[in-house]
Amino acid sequence: MLRLQGERRMDPVITRFPPSPTGYLHIGGARTALFNWLFARHNRGKFILRIEDTDVARSTEASIKAILDAMEWLGLGWDEGPYFQTQRLGFYREYLQKLLDAGKAYYCDCAPDDLEKRRQAALAAGRKPKYDGLCRDKGLQYAPGRVVRFRCPEMGTTVLNDLIKGPIFFENAELDDLVLQRSDGMPTYNFAVVVDDITMNITHVIRGDDHVNNTPRQILIYQALGVPLPQFGHVPMILGEDRTRMSKRHGATSVMTYKEMGYLPEALINYLVRLGWSHGDQEIFSLDELIEKFSLEHVGKSAGVFNQEKLLWVNAHHIKDKPPEKLVPLVEPFLLDLGFSRKPPHYLSKAIRTLQPRVRTLTEMAEAMRFYMVDDVEYDPVAAKKFLRPNLQEPFQRIIASIEGLETFDELNLEIVFKQVADTLGVKLGKLAQPVRVALTGVTVSPGLFEIIDVLGRETVLKRLRRAMAYMSAA
RNA sequence: GUCCCCAUCGUCUAGCCCGGUCCAGGACACCGGCCUUUCACGCCGGCAACACCGGUUCAAAUCCGGUUGGGGACGCCA
């Protein structure tokens, strides 16, 4: 066995991500997928996508699509698949027969509610609620409605040499005769995973911590089948603020919700990978860097709390890093959502550049772009009252005249013009800047004045300044 | 109840395997300051942790044992 494991290590790495299509792709699943993907990419191996749809009642087409969409958005491409377990029933039947023939599995006709009663009774008596082995030696043959159970060794110890957690020991006596095939002929999770991982030549099973207790059962099945084990690595779970398993009550858990909230996939990935994995003190990683640096050795053992604030910071960072022209198609949908009409990409790109250091999400970006998008800005009442005062008509007139006469309309010359006007008037630039800002944006907070003017263009700027003057005289 | 896992600032973490260089480093958040036409960004500074008890050792965040706390699993779900 040791020798076989040694040989296996030399094989090309093959990992897989096996979601069950019973809902959207959530944050925890995404991180598991990411770790598997990174591990495969880092080792120049293969990453397989497998849909575990043996729970026919709960699996849906919509979920499959939602999961695939999310994987695609994250950029986690797969090399094989998606495979569907419901299309691989032949494999499970074949392996099940091997177990049956070897006497390592048996038919059982215990009724579900009967089983439940016995479980409750065991629990009440302070015992472990495991299958009591009633049908174990009945020698039952196939009959419709009967399940097949695994004959679990009653003695001995099973060792899981976890890549992340180290060796973990389980007493076989703690385990029970789990169901391998349901009464409807479908394989159960624990059996299907093993058969799939064997037949797909999976070398590394990287999955959530919550599967640790399933692993000894699976190892026992591998052993009963006489095949070598893959390597197992159990990554710690992601917890909510209250340190319990993350769920909807902790806020958004669906990957696609983060897309809708204006997060960049590279930011979500960056955040998720750092939640449980580290590379010294580094916080920001590009995808290529992650592929190069990722390793299971630096995955921590303890569960981590999902922190929105930090995600926001990581997202802000990636927004700043991205070339504005690449951001254009990404913010456009958000702009449209707000009801703004389309603008040329070149214009959008310049506008975006001024806001990159000031926003944390694409949603914030779109909202902050309002004054770049509308024809006439709406004045914030408080801002207008404070800054658009009648005594500013004269300065505004001067600014308008200077801008009209400007030969080269750019940031540098604009700054010179404003400083000149301020000097002549004997006031500080700030005295002029805020009113102009309100005139141009309607609010008191915005990117630098000269960048705004540069983006907006002479026509629009003059129009807005004149409109502000009209407002002042009316006040 | 039983089994399994985990335990460094509020949060994510470095350090732990190979004890001394750690009166514990980085990041988020928070609080000051600088920069400045506003707001951000950026920069500088501050607050803040080795869960507890015992053992081993000249020396323990690091090794060992226990306690406590937290999480997970006990399905004809995955």
Side-chain angles (χ1 to χ4, degrees), chain A residues 18-22 52-55 57-59 108 110-112 115-116 119 122-131 145-149 160 162 165-166 168-171 174-176 178-184 186-190 192-193 207-216 234 236-237 239 241 243-245 271 274-284 297-298 300-314 316 320 355-360 368 383 387 415 418-419 422 428-434 436-438 441 443-450:
Chain A
S20 67
T22 53
E52 310 222 321
D53 55 352
T54 54
D55 186 346
R58 295 199 300 146
S59 297
C108 164
C110 291
L115 243 24
E116 186 52 32
R119 251 195 295 271
L123 213 46
R127 282 178 288 125
K128 200 168 171 98
K130 58 180 209 172
Y131 179 62
R146 283 180 183 170
V147 302
V148 175
R149 283 182 185 276
L160 157 59
D162 198 272
K165 297 184 181 281
I168 303 174
F169 302 86
F170 298 89
E171 289 307 316
E174 292 291 335
L175 277 18
D176 69 351
L178 69 156
V179 171
L180 300 177
Q181 187 181 69
R182 295 193 270 245
S183 53
D184 64 359
M186 280 289 174
T188 55
Y189 164 73
N190 278 114
V193 206
R207 79 229 304 193
D209 220 340
D210 48 338
H211 284 288
V212 168
N213 288 292
N214 283 323
T215 311
H234 288 93
M237 317 210 50
L239 273 25
E241 298 284 347
R243 303 208 74 98
T244 63
R245 198 194 179 110
Y271 175 72
R274 276 289 289 106
L275 189 49
W277 174 82
S278 60
H279 182 75
D281 286 338
Q282 192 171 347
E283 296 286 351
I284 300 297
E297 289 85 71
H298 287 95
K301 294 180 180 184
S302 47
V305 173
F306 189 84
N307 185 256
Q308 293 280 349
E309 287 294 332
K310 182 128 181 204
L311 205 212
L312 227 28
W313 175 79
V314 174
K320 285 192 246 308
L355 288 162
Q356 275 175 293
R358 288 164 231 269
V359 301
R360 297 177 300 179
F387 293 107
E415 182 160 2
F418 270 76
K419 291 216 161 118
K428 291 192 112 184
L429 184 55
K431 283 281 173 209
L432 244 38
Q434 274 312 72
V436 173
R437 189 184 311 280
V438 174
T441 69
V443 292
T444 55
V445 169
S446 83
L449 203 53
F450 311 122

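Only this structure's heavy atoms are used, side chains among them; waters, hydrogens and symmetry mates stay out. Letters A, B, ... mirror the listed sequences (proteins, then strands); counts begin at 1.
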Worksheet item: Please give, in whole Å, the distance from B/A29 C1' to A/L311 CG?
Response: 14 Å
Worksheet entry | Base partner of B/C43, which must satisfy Watson-Crick or wobble distances under 3.5 Å | B/G33
Item to complete: Using atom types as modelled and distance alone, determine if a side-chain donor or acceptor of A/R437 lies under 3.5 Å from a backbone N or O of A/P447.
Response: yes
Worksheet, complete the sentence: Under a 3.5 Å limit on both distances, the Watson-Crick or wobble mate of B/C3 is B/G72
Discussion item. Distance check needed: B/C12 P versus A/D281 CG, whole Å only.
Written reply: 16 Å
Worksheet item: Taking only side-chain nitrogens and oxygens of A/R245, does any of them come within less than 4.0 Å of OP1 or OP2 of B/A73?
Response: yes
Worksheet item: Is any side-chain N or O of A/E283 under 3.5 Å from a base N or O of B/G26, one able to act as donor and the other as acceptor?
Response: yes
Fill in: Residue-phosphate contact under 4.0 Å: A/R119 side-chain N/O, B/G75 OP1/OP2
yes
Discussion item. Base of B/U2, side chain of A/R127 - is there a donor-acceptor contact under 3.5 Å?
Written reply: no
Discussion item. Tell me if the side-chain of A/N214 makes a donor-acceptor pair with the base of B/A73, cut-off 3.5 Å, by modelled atom types.
Written reply: no
Practice prompt. Could you tell me whether the side chain of A/R358 has a donor or acceptor atom within less than 3.5 Å of a complementary atom in the base of B/C41?
Written response: no
Discussion item. Can you measure A/K310 atom NZ to B/C28 atom P for me and round it to whole angstrom units?
Written reply: 7 Å
Fill in: Distance-only donor-acceptor test (3.5 Å): side chain A/S183, base B/C76
yes
Worksheet item: Roughly, in whole Å, what's the span from OH in A/Y189 to C1' in B/C76?
Response: 16 Å
Worksheet entry | Rounded P spacing from B/G45 to B/C28 in Å | 14 Å
